[in-house]
Amino acid sequence: MAASISGVLDTDLQNAVLRSKVLVVGAGGIGCEVLKNLVMTGFTDIEIIDLDTIDVSNLNRQFLFHKQHVGKSKAAVARETALKFNPDVKITHYHDSITTSDYGVSFFKKFNLVMNALDNRAARNHVNRMCLASDIPLIESGTAGYEGQVELIKKGLSQCYECTTKAPQKTYPGCTIRNTPSEPIHCIVWAKHLFNQLFGEEDPDQDVSPDTADPEAADTAGEGALQTESNDKGNVDRVSTRTWAQSSGYDAEKLFMKLFHDDIMYLLSMDNLWKKRRPPVPLIWTDLPDGVAGCSKDTVEPGLRDQRQWSIAECGSVFAQSIKSLSKELAERQKKCPSDHLIWDKDDQSAMDFVAACANIRAYIFGIAQKNRFDIKSMAGNIIPAIATTNAIIAGIVVLHAFRILLDNLKACRSVYLRSKPNHKNLLLVPEKSVNPPNPLCYVCAPTPQVTLALDTTKMTVKELEETVLKTRLNMIAPDVMIDGKGIVVISSEEGETEANNGRILEQLGIRDGTILKADDFLQNYSLTITIVQREAPAVKGQTPDFLIAADPEDLKPKEEDDGSKEPSTSNGKVEKFDQDAVVLVETEVTPQSSDADVSKKRKTVTPPPDVVNKKQRTENSNGYEDDDICIIEDSDSDMQCIYQKSVSPTKHTNKPSETKYETEAQVIPNKCMLQKHKPLLDEECLIVYDEGDETPIPPTVKQQRAE
Amino acid sequence: MMTEEMDGNIIELTDAEAELYDRQIRLWGLESQKRLRAAKILLIGLNGFGAEVAKNIILAGVKSITFLDNRELSQLDLCAQFLAPKNAIGKNRAEASLERAQTLNPMVEVAVDTESVDDKPDKFFENFDVVCASECSLTQLKRINRACRKNGVKFFAGDVWGTFGYTFADLGKHDFVEDVVQSKKIQSSEAGEPALAKVKFETITTTVKKSITFVPFETILDTCDLPRDGEPYYLLKILLNYREKHGHDPLPSERDTDSLKKEAAVIIDKYKLGDKIDHLICENLYAQISPVCAIVGGVMAQEIIKTVSQKQSPHNNLFLFNPDTMCGKILCLGQK
């Protein structure tokens, strides 16, 4: 071990390494490599935490784990294997989540430094806050494919993890998912929602049907739709999907006919949807096409089993088989605990089969290209490919940064990027010129964090404020909220203290335009001052976000009056990226929309403020390392566990009347998606959130926004 | 060579392989994975750097890897050599590494050869698609490179000294395919609404066949026209010269002696470097530091994977890791 042999490391470093105590958060792809480097270097006191267990698909890179370890705790096995490399080191492991209250400020203060090797943004945000609160240096790292990044986070010296706005999760408008899908991903999202409706935790925001509370009434549904289009119908319907499926004994044929025939007939009856779109074609269970476009049935296609394209008839039988085994599994679980449900997992054979089959059947109905199971798994599971070499390189840089921190040379810990190809200077590993300074307006690491929150105080409930704003958007774990100057407790983290407030509208508690809220998270040692700005909810729910958040109140001023010249111009090379990215979402929306005027208005509303655009350009021109040097951040590993826990509940209690007015929404959405994706310091909650696997590479534009 | 051999026997991956290699197949594709599982690798020198290369290559799922090493495991090796257990000190390094290496991936054939590379005839290298040499003298490197060239074997070299390291590639004439991503502007003006003509972009990925001709190691050893911030190149020369002369690398016990400085002085004088590389000479250059083995060994293994799968452009031809700045730079040296 390097530190135990004199002369290998210089004396200062040797002593610092021997005396140090470090924490590694995550024992996945990067975590395994970091742990190996630490024990080989001769670190003597290491703690490692991970709540995950080992999966076969980890073994190609998480080299401390072998086949016989599948199913065991990552932290425990990583410790066990690393001790064989160096039996003289003390390693403490925790098979646990770092976000629990067991790991408070006093826990973090034990360490000289913390190394993150995480795969999701929620945990990264939390550790960021804990290290800021404890004033302990944090080394943040992530990989995606061939690329990776390492950065130092130190209070007062560097940017924190939340100083820059990360790209919001990909979202798809409810109406696109439920009524007018036009891309494979829309069908895949729909299929995952269907899974939850049938077997998982029911989420009102994941409704899958166009309407029809009662499958018996399907015959007349079309007429009903035409008459009551503007009414809210979703509430009744969503309760019934599972109830109905259960009462039919999860009969595959009945389910198929409801989902892929009756519901489609209903959609067809909403004829203005199909004036300029290809109308969907309902399918009949007993008469499914068994050909695959471009393939003869007899030839064996080369490739993986999962890469073969299923015919619709095959999809039908996979649909039936997977329903059979999933409903059986659900019944068994509910025998033990009636409220239990399944959690969708891309690595569960039946769950994945079900989504692949349903997505393809729906794609066929809407004339969308079908995908094979392999590709659907990537999209549905948000798999970011991960390889051993990238993780090894990034973990090496993490530990070199650790050396510098131990020598108190923090300024030398400049962010380093690993690129998939050398840049124009022929650099494969690209360091920044200096440590990125903190963002003075950061709502997390500024001396007195504050934000302006625009929402409709006459519509939003306390529970919605807690779940969608404080927890989901502002990443608090257990917030306490008081009205400043009045001492009124709105939300308490103590169980039972403020339950009575949950269903109340903010206005009823005296929260209105200009009210100042003090939000605290005791565990994170984080206090945030929130200034409320009244912002009328849109006439049609779902058109604009339920709330907007900005560090600078100027960002929240209505922009409807902005003239078009302030829009990002596509003639400008830098800004072109905005549209370029957006094409991913909109390119197949080839049908002209009937209300294009609405579209353009919408677009102005959410256009990034011009000052932000300019700022970005300045950054790119001034930092010496052009945009192509700065690639990505986030992680490699692809484990969905925490994501699902996270994605199921927050919107549960929100009772949104947004399920109507399909056509209007459908037409506004493409542009909305595109702009919201890039909108700085804003967020939106009213669209269906496609769980991003928490493995979102951060686009360069976002990352750089405040690098100056 | 490689291509013919692989085209000749297209075997589909088993379900077990598909499951194990799932995440990387999603990155480099099935075709690359099939080429990898047909590749035979020779790894010379099982030090900390060699262990990193071995780990990454074995995890990637090559057909076979042979560890060639006649040295004994030393205390110093344990600074980074995680494949060999502590109680194997004094035993052959390749043999000591076998068990843990095999555990990394039971689907890969791991073999051990304890002879000296000097005892191997040129024909020996024909048995492999790729040769990766570490801890070899300049004389040995030149000779192995020549033998590989003669037989159309892809040659790699790499080393780590403390926190400094390099990798080198001579792939002869190397054919590969590369994905070229282009962004195309689409003007879609809709009838009746010319004012709302949308500008869209579409990314088009095309696969292009390419070829690069490499030069042998000896041609990069006497370069005068280095690019800016190419200083680590001189450090490489100093350390290779030291090894050639002393038969081993600078030892930690010699940290405060002049033996390395003497070797440095020769190069500083020859290239009139003044004090330009003094800070590099002061770096930790003794034994091998684990995180740096991970970085340089990671780059080396990725280059081998890239070469075997004949996809994407390999680095031509020298990669240098600067421990002071953390720059990892590619230098294209020795071109005529």
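Order of the sequence lines fixes the chain letters, A, B, ..., with proteins taken first and strands second; residue numbering starts at 1 for each chain. Since we're looking at a predicted model, the values are computed, not measured.
Two residues are said to be in side-chain contact when any heavy atoms from C-beta on lie closer than 4.5 Å; B:M300 and A:T389 fail this criterion. Between A:I5 and B:C79, some side-chain heavy-atom pair lies under the 4.5 Å cut-off. By the 4.5 Å heavy-atom criterion applied to side chains, A:L9 and B:I289 are counted as neighbours. The side-chain heavy atoms of A:K421 and B:H315, taken from C-beta on, include no pair separated by under 4.5 Å. Proximity of A:K84 to B:R100: side-chain heavy atoms (C-beta onward) are separated by under 4.5 Å at one or more points. In this structure, the side chains of A:Y146 and B:Q312 stay at 4.5 Å or more apart for every pair of heavy atoms. No side-chain heavy atom of A:L429 sits less than 4.5 Å from a side-chain heavy atom of B:C327. Two residues are said to be in side-chain contact when any heavy atoms from C-beta on lie closer than 4.5 Å; A:M40 and B:Q288 fail this criterion.
Geometrically, B:R26 engages A:F374 in a cation-pi contact, judged by NZ or CZ lying under 6.0 Å from the ring centre and within 45° of the ring axis.
Shown here are the salt bridge (charged side-chain N to carboxylate O under 4.0 Å, His left out) partners of A:R373, two or more places apart in sequence or in another chain: A:D306, A:D353. Listed by chain and number, the residues in a salt bridge (charged side-chain N to carboxylate O under 4.0 Å, His left out) with B:K306 are B:E303 (sequence neighbours excluded).
With B:F321 as reference, A:L400 is the one residue of A:L400, A:L428, A:I393 to meet the side-chain contact (heavy atoms from CB on, under 4.5 Å) rule.
Only the side chain of A:D88 comes within less than 4.5 Å of a heavy atom of chain B; its backbone N, CA, C and O stay farther away. The contact between B:A301 and chain A is made by backbone and side chain atoms together, counting heavy-atom distances below 4.5 Å. Contacts of B:L76 with chain A are made by both backbone and side-chain atoms, with heavy-atom separations under 4.5 Å. In this structure, the portions of A:K377 lying under 4.5 Å from any heavy atom of chain B include both its backbone and its side chain. Contact annotation for B:P227: neither backbone nor side-chain heavy atoms come within less than 4.5 Å of a heavy atom of chain A. Of the atoms belonging to B:E178, it is side-chain heavy atoms, and not backbone ones, that fall under 4.5 Å from chain A. Heavy-atom distances place no part of A:S4 under 4.5 Å from chain B, backbone and side chain included. For B:N322, no part sits under 4.5 Å from any heavy atom of chain A, backbone or side chain.
A salt bridge is absent between B:E19 and A:R305: the closest approach of a Lys/Arg side-chain nitrogen to an acidic carboxylate oxygen does not fall below 4.0 angstrom.
Note that CG of B:L20 and CG of A:N58 are 10.5 Å apart. Values are rounded to the nearest 0.5 Å. For the atom pair CG (B:D229) and CG (A:L427), the distance works out to 6.5 Å, reported to the nearest 0.5 Å. The distance from the CZ atom of B:F82 to the OG1 atom of A:T81 is 12.0 Å, given to the nearest 0.5 Å. B:L27 CG to A:N60 CG: the interatomic distance, rounded to the nearest 0.5 Å, is 10.5 Å. Between the CD atom of A:Q307 and the CG atom of B:L30 there is a distance of 5.0 Å, given to the nearest 0.5 Å. With rounding to the nearest 0.5 Å, the separation of CG in B:N105 from NZ in A:K67 is 10.0 Å.
When all heavy atoms are compared, the tightest approach of A:I387 to B:W28 is CG2-CZ3, 3.8 Å. Contact between A:S6 and B:P252 at its shortest, heavy atoms only, is O-CB, 3.7 Å. The shortest heavy-atom contact between A:F403 and B:P291 is CZ-CG, 4.0 Å. For the residue pair B:R255 and A:V8, the shortest heavy atom distance occurs at NH2-O, 3.1 Å. Closest non-hydrogen pair, B:A294 versus A:N37, comes out as CB-OD1, 3.9 Å. When all heavy atoms of B:D324 and A:R404 are compared, the closest pair comes out as O-NH2, 3.1 Å.
Highest contact tally toward chain B, considering only A:V416, A:L13, A:D10, A:I397, is held by A:D10 [criterion: heavy-atom pairs under 4.5 Å]. Counting heavy-atom pairs closer than 4.5 Å to chain A, the top-ranked of the candidates B:K329, B:E17, B:M326 is B:M326. Heavy-atom pairs under 4.5 Å with chain A were tallied for B:L13, B:T103, B:I57; the largest tally goes to B:T103. If you tally non-hydrogen atom pairs under 4.5 Å between each of B:P85, B:G328, B:G48 and chain A, the highest count goes to B:G328.
For the residue pair A:S57 and B:D22, no side-chain donor N or O sits within less than 3.5 Å of a side-chain acceptor on the partner.
In this structure a side-chain-to-backbone donor-acceptor pair under 3.5 Å is missing from A:R61 to B:A60.
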Pair A:N86, B:L78 - check side chain to side chain contact (heavy atoms under 4.5 Å, CB included), show working. CA-CA 9 Å; A:N86 178 2; B:L78 295 180; over 6 Å; no
Check the pair B:K55 / A:E33 against salt bridge (charged side-chain N to carboxylate O under 4.0 Å, His left out), numbers first and verdict last. CA-CA 11 Å; B:K55 174 201 70 188; A:E33 291 282 343; 2.6 Å; yes
